[in-house]
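Have a look at the structure below before the remarks.
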Amino acid sequence: MNPVRVRFAPSPTGPLHIGGVRTALYNYLLAKQTGGKFLLRIEDTDQTRFVPGAEQYILESLNWLGINPDEGVGVGGPHEPYRQSERKHLYKEYADQLLKSGKAYYAFDTAEELDAIRKTYESKGGAFQYNAATRGKLKNSLSLSEEETKALLASNSPYVIRLKVPAKGEIRFQDSIRDWVHVHTSSIDDKVLMKSDGMPTYHLANVVDDHIMEITHVIRGEEWLPSAPLHILLYQAFGWTPPTFAHLPLLLKPEGNGKLSKRDADLGGFPVFPLEWTDPVTGQKAKGFREEGYLPEATINFLAFLGWNPGTEQELFSLEELVTAFSLERINKAGAKFDVQKAKWFNEQYLRNQPIESIAKQYVEHLETSKAEAFVGLYLDRITFPNELKTLAVEFFEMPVTYDEQVVTNKLNEESRRALELICDKLPDSVSNWNAESIKEGIHQILEESGIKMGKVMQLLRVALSGNGAGPDLMISMELWGKDSVFQRLKLALDKFPK
RNA sequence: GGUCCGUUCGUCUAGGGGUUAGGACACGUCCCUUUCACGGAUGAAACACGGGUUCGAUUCCCGUACGGACUACCA
């Protein structure tokens with residue numbers, strides 16, 4: 001495949017949705033695979049929806065995941081600026097071009113007027129379309145005389161520029177994921193290209209920029225599929241060759257149906273945003289994958305597999321491996337439900353491959369290094385998120401307060417009690433070098449001498465020392481607790497256990 | 001309502017005119033083990049429905065049902 005130029009073009013209206021992150025990822029993968037360029041363009045043409053901090057959030061999210069743009073906001077490039085609000089003047093020129101060639105026209109209907117018309121249509125059970133059938137009856141440069149139009153423009157009446165969609169014809173294009181898609185122009189309405197505030201709409205800005213920025217492949221969410229024919233029409237109106245389109249399947253909520261939303265995340269207790277986000281107005285916080293404890297590699301791998309697979313049985317892919325394995329053709333058509341369990345599983349896989357030293361340094365920094373590393377080694381394959389380690393470490397070094405009752409009732413008897421007492425009496429002297437290996441030997445020896453079977457006491461010993469009926473390797477645990485603490489624990493248990 | 005898109009185990013998916021319909025997550029059982037977890041083994045579990053086409057359809061075609069997206073001077 002030739003080097004592609006692809007773009008991720010989010011709108012800075014809030015935190016980046018995880019579905020958007022997947023879109024960015026797929027764009028990045030194709031760019032890297034073909035030796036092409038991945039651009040980041042900020043689509044901030046709606047001034048009413050601007051949210052401070054959102055752009056920075058987008059940059060930081062991509063950076064966290066390691067899918068950095070080659071060109072665009074934050075990095076610059078040959079087509080600066082990459083923020084659409086800063087390219088405002090440009091769109092007007094192109095709109096004028098369409099106006100001149102008769103492909104577009106002025107419309108003076110106010111938003112209120114159109115709303116009213118829509119309501120009447122709805123009350124009759126129909127749907128209003130601003131198109132070839134209705135435009136003659138509305139207030140625009142097609143229905144008005146030239147003088148009237150000029151007068152309106154001269155009087156500074158607010159207006160929009162609309163695309164004059166042909167009454168008849170079929171638009172067809174070949175989507176990389178869905179193959180041929182056909183739509184009749186009659187079902188497309190005369191979309192607004194320039195808003196009355198002088199800003200372009202998404203449709204115009206997107207087509208103009210993709211053309212100027214030499215975008216070869218538009219990879220975006222399925223929600224754009226219905227407007228793709230309109231975009232094709234725009235390319236045709238300008239006389240440009242449209243890029244290749246690929247419309248990605250949606251990310252669905254885990255329960256029931258529908259697009260994955262923030263609401264689902266709150267309900268399900270999992271994030272839908274890459275990073276934690278604090279709403280600048282309400283101050284409300286939304287969870288992020290990063291803060292929850294997901295590793296960037298795991299997040300990437302999980303996301304890549306939501307709607308795509310390599311066709312082999314390999315499931316674990318580094319970003320580099322994804323770059324080589326990825327292909328648009330292997331993307332699924334149907335939406336994918338977001339599965340937290342699978343996300344966790346991916347995280348566990350990556351977590352276990354992390355070097356113990358760095359995890360220890362990052363998450364249990366309050367412990368002395370060798371202790372911290374031993375502790376991490378003890379718990380690494382029992383956790384999903386590294387940030388669980390901190391609490392675990394605190395609990396681990398605390399004296400038990402309660403004891404697993406079931407184990408005590410089942411395992412505590414004369415014999416096992418005697419075993420605990422023997423260990424308490426003899427272990428300190430028999431183990432000179434307090435480490436897991438010698439502790440194990442010592443206990444074995446004591447039990448053997450007294451003719452008591454290991455299986456009869458080990459779980460009780462665990463409960464006596466930790467309070468829990470289950471947990472990590474006891475001998476290593478004992479080593480970490482230290483001799484003094486172990487005997488303190490034992491005495492406490494012998495005292496508290498029912499006689 | 002209209003337009004468009006989709007439908008293989010509970011979930012993510014492989015496959016594709018003749019297969020024991022494969023894998024992964026989750027779940028059950030067993031093994032390992034001082035317990036739990038990890039790991040290993042194993043089990044249960046799917047082609048939405050109805051018509052065609054065909055010697056044969058889960059696979060191709062057409063309908064139906066169901067689901068979804070879009071339907072703004074939002075992106």
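Note on naming: letters A, B, ... go to the chains in the order of the sequence lines (proteins, then strands), and numbering restarts at 1 for each one. Just so it is clear, the values below take in all heavy atoms, side chains as well, and ignore hydrogens, waters and symmetry mates.
- Rounded to whole Å, the separation between the C1' atoms of B:rU19 and B:rC47 comes to 13 Å.
- In this pair, A:Phe487 and A:Trp434 present their aromatic rings tilted. The plane angle is within the 30 to 60° band.
- Distance noted for atom P between B:rA65 and B:rU53: 23 Å (whole Å).
- Across all strands shown, A:Pro472 has heavy atoms under 4.0 Å from base atoms, whether or not it also approaches the sugar-phosphate.
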Under 3.5 Å, which donor-acceptor pairs do the side chains of residues 443-452 of chain A form with other protein atoms, sequence neighbours left out?
unit_1: A:Ser450; atom_1: OG; unit_2: A:Ile446; atom_2: O; d: 2.9
unit_1: A:Ser450; atom_1: OG; unit_2: A:Leu447; atom_2: O; d: 3.2

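- Positionally, the nearest nucleotide of RNA chain B for A:Phe338 lies more toward the 5' end than for the other of A:Met475 and A:Phe338.
- Along RNA chain B, the nucleotide nearest A:Tyr202 and the nucleotide nearest A:Gly126 are compared for position; the residue whose nucleotide lies closer to the 5' end is A:Gly126.
- When the C1' atom is used for both B:rC60 and B:rG28, the distance is 39 Å, rounded to whole Å.
- Here, B:rU8 and B:rA14 have their C1' atoms 10 Å apart, quoted to the whole Å.
- Partners of A:Arg220 by side-chain hydrogen bond (donor to acceptor under 3.5 Å, both in side chains), not counting sequence neighbours, listed by chain and number: A:Tyr202, A:His231, A:His247.
- Close to B:rA75, at under 4.0 Å from its OP1 or OP2, lies a side-chain N or O of A:Thr45.
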What pairs of nitrogen or oxygen atoms, one from the protein and one from nucleotides 21-25 of chain B, lie under 3.5 Å apart?
unit_1: B:rG22; atom_1: O2'; unit_2: A:Glu313; atom_2: OE2; d: 3.3
unit_1: B:rG23; atom_1: O4'; unit_2: A:Glu313; atom_2: OE2; d: 3.2
unit_1: B:rA24; atom_1: O4'; unit_2: A:Glu315; atom_2: OE2; d: 2.6
unit_1: B:rA24; atom_1: O2'; unit_2: A:Glu315; atom_2: OE2; d: 2.6
unit_1: B:rA24; atom_1: N3; unit_2: A:Lys342; atom_2: NZ; d: 3.1
unit_1: B:rC25; atom_1: OP1; unit_2: A:Trp345; atom_2: NE1; d: 3.4

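- The phosphate of B:rA37 (OP1 or OP2) has no side-chain N or O of A:Arg352 nearer than 4.0 angstrom.
- Between the side chain of A:Arg49 and the base of B:rC74, at least one donor-acceptor pair of N or O atoms lies under 3.5 Å.
- Seen from the ring of A:Tyr130, A:Arg162 counts as a face-on cation partner, given the 6.0 Å and 45° thresholds.
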